[in-house]
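All figures in this text were calculated on a predicted structure; none of them were measured in a lab. As the structure lists them, so they are numbered: ligands from 1, and atoms in each ligand from 1.
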Amino acid sequence: MRAAVIDRPGTPLVVEDLTLDEPRDGEVRVRMVASGVCHSDLHVRDGDWERPGPIVLGHEGAAMVEALGAGVTGLQAGQLVALTWYAPCLHCPACQAGRQWACSGSASVRHRMADETTRLHRTDGGEVLAYLSIGTFAEAQVVPATAAVPMPEGTPPEVAALIGCCVSTGVGAVVKTARVEPGSSVVVFGLGGVGLSVVMGAALAGAARIVAVDRVAAKLDVARELGATDGIVARDAAETLAAIRDATDGGPDYAFEAIGLPATVEQAIEVLPPGGTAVLVGLTPFGARASFEVFPFVDGSRRILGSNYGYAVAAIDFPRYARLHLAGRLPIDRLIDRRITLDGIEDAFARMRRGEGLRSVVTF
Ligand code: APR
Ligand code: ZN
């Protein structure tokens with residue numbers, strides 16, 4: 001079984017042959033069909049985030065179910081599933097309250113199975129972890145059954161893969177975290193897979209003005225095709241803020257930051273009119289801080305929301321986003337501009353560092 005492994009954060013991906021153990025209680029073995037390349041993989045690759053290793057990266061995948069471990073119900077061999085990178089424990093208070101994105105019992109954060117072991121080994125027997133328990137840069141994987149969500153009939157596998165991270169993160173930030181009302185004005189900083197999903201979510205929610213901001217001009221055209229009404233090439237901060245205010249009658253009701261840079265986090269807060277809401281979606285390197293002037297923030301009753309994974313309850317939200325795609329209301333396929341193999345991921349990372357192109361998808 002081939003998989004793309006890093007020894008530790010900050011080192012390049014190497015495609016290796018690994019052995020894959022059989023699924024145990026509550027686990028399933030899947031054959032990967034497609035995996036998007038997300039900036040969160042790049043954060044680990046570049047050493048922005050401390051993570052254990054060796055580890056198979058990738059966390060935006062779709063797969064076919066192959067074999068069920070003991071006690072698994074609700075899944076069958078041959079089914080297409082989208083994989084969630086935050087397998088819920090289903091028992092903690094957050095899960096029981098229906099807030100699985102805030103689960104406190106998930107083994108996914110340790111990149112292991114629930115019993116703290118791993119199903120991946122090198123030929124010398126050394127254990128290899130799976131990023132967020134799903135490590136989708138692999139031809140096959142054993143994952144927690146709660147990570148595998150069956151997709152509606154007819155869902156294209158590449159679309160299912162993107163629902164596993166960027167779509168749920170971006171669309172969910174709009175419709176679940178912020179609950180943007182029809183007629184609202186919205187600005188989106190950053191037009192990668194996540195930011196373009198925010199644009200699609202804002203269009204779905206009926207936002208009247210959707211202002212898309214990126215430093216790469218070509219991204220603005222894609223954003224317009226997905227529903228943005230205005231596009232601004234980010235240069236100087238003061239100019240960008242003035243252009244956003246111009247396009248939104250003095251400032252947007254909602255400002256989404258989908259890059260993960262302190263400078264644009266600060267802009268998303270500063271651009272708000274009284275009563276406005278900044279929604280922070282992009283993840284920064286560890287330790288990054290941002291600041292804002294407190295008096296006007298409180299005086300104008302502004303709000304800041306953090307939104308991880310778009311408040312996803314995968315079992316409910318993944319099929320819902322897939323059905324919206326099948327109904328023509330979420331053109332998720334438009335986010336993909338390149339199909340690659342496992343050997344092409346380092347090159348896809350290089351493109352992403354330059355802000356070039358849209359989503360690269362590994363197909364198996
Ligand atoms: N101003 C404006 N746009 C910028 C800037 C900047 N200073 N810096 C980068 N960008 C743009 C890039 O040109 C690119 O279009 O931000 C976009 C980022 O997109 P991707 O690198 O494709 O990242 P994505 O996978 O969408 O993830 C975005 O969300 O979940 C987090 O970890 C993830 O922090 C990352 C963020
Ligand atoms: Zn991701």
State whether the number of non-hydrogen atoms from other residues, nucleotides or ligands found under 6.0 Å of R99 atom CZ is greater than 12.
no
Could you walk me through whether D347 and R338 pass the salt bridge (charged side-chain N to carboxylate O under 4.0 Å, His left out) check?
CA-CA 11 Å; D347 181 51; R338 206 186 247 207; 3.3 Å; yes
Does the gap between the ring centers of Y309 and W85 come in under 6.0 Å?
yes
Using a threshold of 4.0 angstrom between heavy atoms of the protein and any atom of ligand 1, which residues qualify?
C38, H39, S40, H43, W49, G190, L191, G192, G193, V194, D214, R215, V216, K219, A234, A258, I259, L261, G282, L283, M352, G355, R359
Which atoms of the protein, restricted to N, O or S, are nearer than 2.8 Å to the Zn ion (ligand 2)?
C38 SG, H59 NE2, C165 SG
Looking at R179, I'd like to know if its CZ atom is crowded, meaning that more than 12 non-hydrogen atoms belonging to other residues, nucleotides or ligands lie closer than 6.0 Å.
no
Please assess T264 against E257 for the test side-chain hydrogen bond (donor to acceptor under 3.5 Å, both in side chains), listing each intermediate value before the final yes or no.
CA-CA 7 Å; T264 39; E257 203 280 349; 2.6 Å; yes
If you count every heavy atom of other residues, nucleotides or ligands that lies below 6.0 Å from R235 atom CZ, does the total exceed 12?
no
Do S185 and R209 pass the side-chain hydrogen bond (donor to acceptor under 3.5 Å, both in side chains) test, and can you show the C-alpha distance, the side-chain angles, and the key distance before you say yes or no?
CA-CA 5 Å; S185 58; R209 287 227 90 74; over 6 Å; no
Could you check whether atom CZ of R8 has more than 12 heavy atoms from other residues, nucleotides or ligands sitting under 6.0 Å from it?
no
Crowded around D249 CG? As in, over 12 foreign heavy atoms under 6.0 Å?
no
